[in-house]
**Student:** 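Below you will find the structure I want to go over with you.
This one's a predicted model, so the numbers in the text were calculated from it and none came from an experiment. Hydrogens, waters and symmetry mates are skipped; everything else that's a heavy atom, side chains included, is used. In what follows, chains are A, B, ... by sequence order, proteins preceding strands, each numbered from 1.
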Number of protein chains: 4
Amino acid sequence: MAENPRRQPQQERSRQTVERIITAAARVLEREGDRAATTNRIAAEAGVSPGSLYQYFADRDDLLLAVTERVVTEFEARVVPALRAAAREDVVTGIVTVVGATLDAMEERAPLLRALTARVPGDRQEELLRALRARVTDFVYASTARNRPELSPVELERVTWMLVELAQTLPLRYVLDRPPIPRDEFVRDAVRLLATHAIEAGPRADDGAQA
Amino acid sequence: MAENPRRQPQQERSRQTVERIITAAARVLEREGDRAATTNRIAAEAGVSPGSLYQYFADRDDLLLAVTERVVTEFEARVVPALRAAAREDVVTGIVTVVGATLDAMEERAPLLRALTARVPGDRQEELLRALRARVTDFVYASTARNRPELSPVELERVTWMLVELAQTLPLRYVLDRPPIPRDEFVRDAVRLLATHAIEAGPRADDGAQA
Amino acid sequence: MAENPRRQPQQERSRQTVERIITAAARVLEREGDRAATTNRIAAEAGVSPGSLYQYFADRDDLLLAVTERVVTEFEARVVPALRAAAREDVVTGIVTVVGATLDAMEERAPLLRALTARVPGDRQEELLRALRARVTDFVYASTARNRPELSPVELERVTWMLVELAQTLPLRYVLDRPPIPRDEFVRDAVRLLATHAIEAGPRADDGAQA
Amino acid sequence: MAENPRRQPQQERSRQTVERIITAAARVLEREGDRAATTNRIAAEAGVSPGSLYQYFADRDDLLLAVTERVVTEFEARVVPALRAAAREDVVTGIVTVVGATLDAMEERAPLLRALTARVPGDRQEELLRALRARVTDFVYASTARNRPELSPVELERVTWMLVELAQTLPLRYVLDRPPIPRDEFVRDAVRLLATHAIEAGPRADDGAQA
DNA sequence: TATGAATGAGGATTCATTCAT
DNA sequence: CATGAATGAATCCTCATTCAT
């Protein structure tokens, strides 16, 4: 039955159409949410016919997946270089670099992120985000391993999870919540939290906190 | 269109019916997600007719709102007492109390929370969650004000935002992510982060981190 | 997703609705053919909403299957008694009975039969018709076995196939073609063909024809 | 709407394209049935663009008509010579010739025939098949008239109808049903039926059968 | 109040057909 | 002539909601 598993556009014109559709989907999603983003609505927003949409996307989910891919790609394009740069900097400076880049990447896409965050788990979108997170985790793991040679693999795993969590979630919450806090002060707080954790977390540090 | 604004159930049997419907909605939501939670499906799960559902809820959104209310109420029932207790404890102990209670409350409801997280901003569910957050914020603000008399109101606001953020988001992420980290180790890390921030964050502390 | 595998109507009203839908589908099919028999068209013809149709039928194919079932049932109701009567009559009289009954049953349903004949093979409709045919075949096989004890099983099979074929196809073609031949003359010809085959077909008869 | 009434291909290359399209349509029809035989699918199968298809066929029906034409032509190419030969042979031999040729012609095209059989009456495909049948009928009528000079025109009409019916339908049913009967035995039975009818059917013969 | 049948607007998707290149 | 992207009316089907009993 379904035989159009996302056709490869071969002409320049169709590449533009794909582009327009994805952009339109992102716009509708961020403006009006998942429920309002019907295929007809998206097609209208893109200025194409409903049929065109199905030339390039197998179904609605496939289109939404493409939007996620787009966001993930953009995000990677900003954060991965920052992670690379951070690897050559000292811990605190590196964290500043990464948090700053993350925040930049998210600020552009805040409303869309909200819409995409709101999707059910288990689908391929989750996989994409999981892959992105895995990539970031690898970087952070490597850095932490270098800075904290005394930590066992299990402890490294734990410290890394929390660092990635903080580095992703705090900026996300900041752009979604829009608290009345200046950007640079938020960054300072976030960096301090991450730095403290990166430097001190672990078996000994725990004892200290308990005392 | 929607007109009957959630009739107050006055007899015992009605109250049970409302109960059954909300529970059924929660079950379907957490098992199969927002999209699959149709009103007919929920009614069937509750063992009532679709018509009956509309005796007690103005429309689908109203029912989902009731589910959120239920979750928020349960959450409050656990966290507010913890916040009260924390107010009489020292900072670190208080944080342990609150983080523990938050984690407990969330662990019971993890899949449902995932489903409810998926809400567009501006609707009434957001308001409910916002209200809950406001309440938690008030407690934290008061405690922080007491412990850190040197902070200005603006600084207090900032520190409080981050504390609430950490206290809510870290447990939520922990239950949704299910990372391979033992609960007590996660709690220790989270508490350390919160405690550090509660005690040290502020104008001077920032300078320290920058140096 | 699909969860309504043809719901059992529980009230009198719904039984009537099902009835009306099947009848309407049959009417549209016989008047305008498979392609024109859209679900909305059928619903309109039945005087119900499109949604109602899906209360009782899983999808369009399921409805068309129900129409076939209906036709097959009506057909059986006429032909099986005739086959039973024929079993107690002599060969020629029995054939007259069966051909007559078959012709009666088909004449009522001629245009509908044309529409249903025109469906793709392999689906469940084919199975229904196959089952009906199997039933008729069993009767004919039994009669032939009694009348022609000299035939081997393989020969019986062959003679039976042809008899069933003639008994079904000739009346069908007669009602679909509407040739300018009076009914009783057609019946006489058909009966003669069947009788000749029933009585003479077989090893010896073949030799005769070859000579 | 439909306007270009099947352009005459004038160059060799065009003729080949038309050829490829018709063949592709036939292949898709016989493999996957009417419903799956979309114009795009057929164009893809033929290795041409959807647009090209409309260079040579006014619309989908026109293409399907061309497929029918092709089948009818092929059929005629086999059966008409057989009918001509049969006219110079004695009755039984002639019937053998015709039934054999009919069976050959149908065996090659069985699945396609099934797909094409599924046509609503009144369309142009019906006309084509009717024309073919008329042609066959003329031959049979002439032969019968010669062999049975005692029959009145009305009786001739009746006998002819049945003979044509048997000569067409029995082979068709045989190739579509694929009963476990060897071809030559089926042919022998069919020929016997036809021969008996050709020789004996008529006013007197009826009396005989009735007695 | 409860029921469940009925509703119908609206959504996803298809496909015959057109048209710019 | 050929291409293949684009079209959009039409189709199947869903589901929140209503209403007669």
Side-chain angles (χ1 to χ4, degrees), chain A residues 1-4 7 9-18 35 37-43 47-61 63, chain B residues 1-3 7 9 11 13-14 17 35 37-44 48-61 63, chain C residues 1-4 7 9-18 35 38-41 43 47-61, chain D residues 1-2 7 9 11 13-14 17 35 37-44 48-61 63:
Chain A
M1 300 272 152
E3 56 149 323
N4 51 345
R7 180 178 304 177
Q10 306 192 340
Q11 297 181 1
E12 176 52 23
R13 182 165 57 132
S14 46
R15 215 163 297 130
Q16 283 179 17
T17 302
V18 171
R35 217 87 179 191
T38 69
T39 51
N40 287 340
R41 180 92 180 65
I42 291 169
V48 302
S49 66
S52 285
L53 200 152
Y54 289 88
Q55 294 262 341
Y56 303 106
F57 303 97
D59 54 22
R60 183 179 181 272
D61 269 5
L63 169 55
Chain B
M1 304 270 146
E3 195 204 324
R7 188 173 302 177
Q11 297 181 8
R13 185 161 59 120
S14 304
T17 304
R35 217 88 180 188
T38 68
T39 51
N40 287 335
R41 180 93 181 64
I42 291 169
V48 301
S49 65
S52 287
L53 199 149
Y54 287 85
Q55 290 279 332
Y56 302 108
F57 302 97
D59 54 24
R60 183 179 184 269
D61 268 5
L63 169 54
Chain C
M1 301 271 150
E3 57 150 323
N4 50 345
R7 182 178 303 178
Q10 306 194 340
Q11 296 181 2
E12 177 51 25
R13 182 164 57 133
S14 46
R15 215 162 297 130
Q16 283 179 17
T17 303
V18 171
R35 217 86 180 191
T38 69
T39 52
N40 285 343
R41 179 90 181 65
V48 302
S49 65
S52 285
L53 198 151
Y54 288 89
Q55 294 263 341
Y56 303 106
F57 304 96
D59 54 22
R60 183 179 181 272
D61 269 5
Chain D
M1 302 273 149
R7 189 174 302 177
Q11 298 180 7
R13 186 161 59 122
S14 304
T17 304
R35 216 86 180 190
T38 68
T39 52
N40 288 334
R41 180 94 180 64
I42 291 169
V48 301
S49 65
S52 286
L53 200 150
Y54 287 85
Q55 290 279 334
Y56 302 107
F57 302 96
D59 55 23
R60 183 179 185 268
D61 268 7
L63 168 55

**Student:** Whole angstrom is fine here: how far is it from CZ in D/R35 over to C1' in F/dC12?
**Tutor:** 11 Å
**Student:** Does any N or O donor sit under 3.5 Å from an N or O acceptor when you compare the side chain of C/Q55 with the base of E/dA5?
**Tutor:** no
**Student:** Specify the separation, in whole Å, of atom CD of A/Q16 and atom C1' of F/dG4.
**Tutor:** 16 Å
**Student:** Could you state the CG-P distance from A/L53 to F/dA6, rounded to the nearest angstrom?
**Tutor:** 12 Å
**Student:** Work out which heavy atom in C/Y54 is nearest to a heavy atom in C/D59; give both atom names and the distance.
**Tutor:** CE2-CA, 3.8 Å
**Student:** May I ask you to say what C/T38 touches in the nucleic acid, namely base, sugar-phosphate or nothing, with a heavy-atom cut-off under 4.0 Å?
**Tutor:** sugar-phosphate
**Student:** Rounding to an integer number of Å, can you tell me how far C/D61 CG sits from F/dT11 P?
**Tutor:** 16 Å
**Student:** Out of F/dT3, F/dC1, E/dT1, which has the shortest distance to the side chain of D/S14?
**Tutor:** F/dC1
**Student:** Quick one: is F/dA6 close enough that its OP1 or OP2 comes under 4.0 Å of any side-chain N or O from A/Y56?
**Tutor:** yes
**Student:** For the atom pair CG (A/L53) and CD (A/Q55), what is the distance rounded to the nearest 0.5 Å?
**Tutor:** 10.0 Å
**Student:** Of all the nucleotides listed (F/dC13, F/dT7, F/dT3), which has the minimum atom distance to the side chain of C/D59?
**Tutor:** F/dC13
**Student:** Name the residue closer to the 5' end of DNA chain F, choosing between B/A37 and C/R41 according to the nucleotide with the nearest heavy atom.
**Tutor:** C/R41
**Student:** Nearest to the side chain of A/T17, which nucleotide is it out of F/dA5, F/dT7, F/dT3?
**Tutor:** F/dA5
**Student:** Starting at CD1 of B/I42 and ending at P of F/dT17, how long is that distance when rounded to a whole Å?
**Tutor:** 11 Å
**Student:** Does the side chain of C/S49 get closer than 4.0 angstrom to OP1 or OP2 of E/dT7 through an N or O atom?
**Tutor:** yes
**Student:** Not counting sequence neighbours, which residues clear side-chain contact (heavy atoms from CB on, under 4.5 Å) with C/S49? List them please.
**Tutor:** C/S52
**Student:** Rounded to whole angstroms, how far apart are CZ on C/R60 and C1' on E/dT14?
**Tutor:** 14 Å
**Student:** Go through E/dA12, F/dT7, F/dC13 for me and flag the one nearest to the A/Y54 side chain.
**Tutor:** E/dA12
**Student:** D/T39 or A/P50: which one's nearest nucleotide on DNA chain E is closer to the 5' end?
**Tutor:** A/P50
**Student:** Looking at A/I42 and A/A37, what are the two nearest heavy atoms and their distance?
**Tutor:** CD1-O, 3.8 Å
**Student:** Stems involving DNA chain F: give each as a range paired with a range, ordered by first number, where a stem means at least three consecutive Watson-Crick or G-U wobble pairs under 3.5 Å.
**Tutor:** E:2-21 with F:2-21
**Student:** Rounded to the nearest angstrom, tell me the gap between atom CZ in C/R15 and atom P in E/dG4.
**Tutor:** 14 Å
**Student:** Both C/G51 and A/V48 contact DNA chain F. Taking the nearest nucleotide for each, which residue is further toward the 5' end?
**Tutor:** A/V48
**Student:** For C/T17 versus C/V48, what's the shortest heavy-atom pair and its separation?
**Tutor:** CG2-CG1, 4.0 Å
**Student:** Over all heavy atoms of both residues, which pair between A/V18 and A/F57 is shortest? Give the atoms and the distance, please.
**Tutor:** CG1-CZ, 4.1 Å
**Student:** What is the distance from CG of A/L63 to P of E/dT13, rounded to the nearest Å?
**Tutor:** 10 Å
**Student:** Where the side chain of A/N40 is concerned, which of E/dA6, F/dC13, E/dT13 is the nearest nucleotide?
**Tutor:** E/dT13
